[in-house]
Amino acid sequence: MNWETVIGLEVHAELSTKTKIFCGCSTYFHVEPNTHVCPTCSGMPGALPKLNRTVAEYAMRLGIALNCEITRLSKFDRKSYFYPDLPNAYQISQFYTPVCRNGYLEIETEGGKKKIGIREIHMEEDAGKLVHDPKSGNTYMDFNRCGIPLLEIVSLPDFNGSAEVIAYLEKLRETLLYLDICDCKMQEGSIRADINLSVRLPGGELGVRTETKNMNSFKAIARAIEYERERQIEILEDGGEIIQQTRRWDDDKGISYGMRSKEDAHDYRYFPNPDLLPLYIDDGWLANVKENLPELAYQKRERYIRDLGISESSAVVLTVHRNISGLFETLSQNSGKPLEAANLITGEIMRLMNNSNMLPEDLSIDAEKLSALIGLVSGGKINRASYKETVEAVFTDNVDPEKYIAEKGLLMQSDDRAITEAVNSVVEQNMDSVAEYRAGKEKVFGFLMGQVMKKLGKGGNPDIVKEILTRSIK
Ligand code: ADP
Ligand code: MG
Ligand code: ZN
């Protein structure tokens, strides 16, 4: 039968604020367990939460970028459940009045553009982490992650397959990165997706869904979707029923298994958190966030193509990460040569990064030095080969380009006298070849040219050498 897949996504993005959502503890997490905790985020009785203003601002940024309505008066609710990594036995979240609603994100699909509805975006706190030690059989609790701010982005059930889901996640990731609100390191769990999936026959009612939780790799997500679709179809075609449940994906085995039957919202006893004041977003604040919204990746691509004459494929490469587009914009501004800057990054820099397995987010290179090099090559001071060589030296050893060029003798000798001297001496030493050339054997010219270039070192300016040599042996 012709089953249709229906998928809705809940994505959790960890925000890159300096401090947690309801206390002043640092969010930096490469530290010893339980060092970034205080009475509030470790759930001590009587400690009071206070909203971090930046979290609200980041939520507004994302809401605006995803075409949402911003809820002017929103509140926080308690979602009650017990888990050892949740010291309060409730999570502070937003249930009744999420801060953003009714938006969409447009993706590219095989069949053209498609709008995926965003039901809501809400703010909430992350839970801690349980660390299982297989040696001792003990489980340890690390509360550093308690109170890290999260945005949960809930889509409508608008996806019909894994390709659309991946396209959406990629676009969402790019948006979060360019808004500068999440580092999007998927391996570290900065974005995690829950996949709600059901199948139905065309035209039928929505089927019963399962939820596969906490997926943090695109590849695993695509595999988990295919697996769950097949599993449900098989059950239904055998005349069985799908049980609404939460499942966990095992990427090594390539299967998922049921964790627990899925609870409904009323099981959590959501109720307004009495410890926090409502959040009121006034016109001025909203307008200010709108005005200062960073330029998004797709807007940059359009601008590069339209205003700077960059090709579409280069524009895609230049916007893979804010680090890359930032470097590109600095280089083209400093040098006044956007095409040269684009070629440098899409060519040499990308090649060097690939060779050293460097991710775009880890690229750090001195833009001043690269701008100077662009100036030198386009001003005819060094040739293309020396340019490449020096770029590599800056990339790997952060050398001072001017010094490097001087030491290696890469500066092009455009000084007529030095070149004339080199030409004369080559001509004197190779009178036979000169005679052959004069007799019509034009190929010999290349040989003589090579001799002169050799004498001049890497810095010989081939155009001038050619000109002087031609004059001298005509
Ligand atoms: P919960 O409260 O369990 O998280 P929600 O109603 O908030 O459930 O929906 C969570 C996600 O599941 C949303 O992204 C929604 O689009 C998706 N969803 C809801 N019903 C279905 C369904 N029948 N099939 C696939 N996805 C669904
Ligand atoms: Mg949910
Ligand atoms: Zn704290």
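Here, residue 1 is the first one in the sequence, and each next residue gets the next number. Both counts, for ligands and for their atoms, begin at 1 and track the order of listing.
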Proximal ligand 1 atoms for Gly8, defined as those under 4.0 Å from one of its heavy atoms:
14 (O), 16 (O), 17 (C), 26 (N)
Could you tell me whether any N, O or S atom belonging to Cys146 is less than 2.8 Å from the Zn ion (ligand 3)?
no
Do the side-chain N and O atoms of Arg269 and Ser80 include a donor-acceptor pair separated by under 3.5 angstrom?
no
Between Arg192 and Glu14, is the closest basic N to carboxylate O distance under 4.0 Å?
yes
For Val154, the atoms of ligand 1 under 4.0 Å from one of its heavy atoms are 13 (C), 14 (O)
Mind telling me whether Tyr270 and Phe95 have parallel, tilted or perpendicular rings, with 30° and 60° as the class edges?
parallel
Quick check for you: with the Zn ion (ligand 3) as the vertex, what angle do SG of Cys38 and SG of Cys41 span, to 10°?
110°
Would you say ligand 1 has an N or O under 3.5 Å from any N or O of Val208?
no
Arg247 and Gln245: side chain donor to acceptor below 3.5 Å:
yes
Checking side-chain polar atoms at under 3.5 Å, does Thr5 have a donor or acceptor matched by the opposite partner on Arg229?
yes
Donor-acceptor pair between Gln244 and Thr210 side chains, under 3.5 angstrom
no
Kindly identify the option in Gly207, Pro157, Ser198 whose heavy atom sits closest to atom 24 (N) of ligand 1.
Ser198
Is Ser155 close to ligand 1, meaning an N/O of one under 3.5 Å from an N/O of the other?
yes
Assess whether salt bridge (Lys or Arg N to Asp or Glu O under 4.0 Å) is satisfied between Lys113 and Glu108, documenting all intermediate values.
CA-CA 5 Å; Lys113 290 188 194 309; Glu108 306 281 342; 2.9 Å; yes
Would you indicate which of Arg119, Glu10, Arg200 comes nearest to atom 5 (P) of ligand 1 when only heavy atoms are counted?
Arg119
Would you mind telling me if ligand 1 is within reach of the side chain of Leu9, the backbone, both or neither, using heavy atoms under 4.0 Å?
backbone
Could you tell me whether Leu156 approaches ligand 1 through its side chain, its backbone, both or neither, with non-hydrogen atoms closer than 4.0 Å?
backbone
Metal site angle (apex the Zn ion (ligand 3)), SG from Cys25 and SG from Cys23, 10 degrees
110°
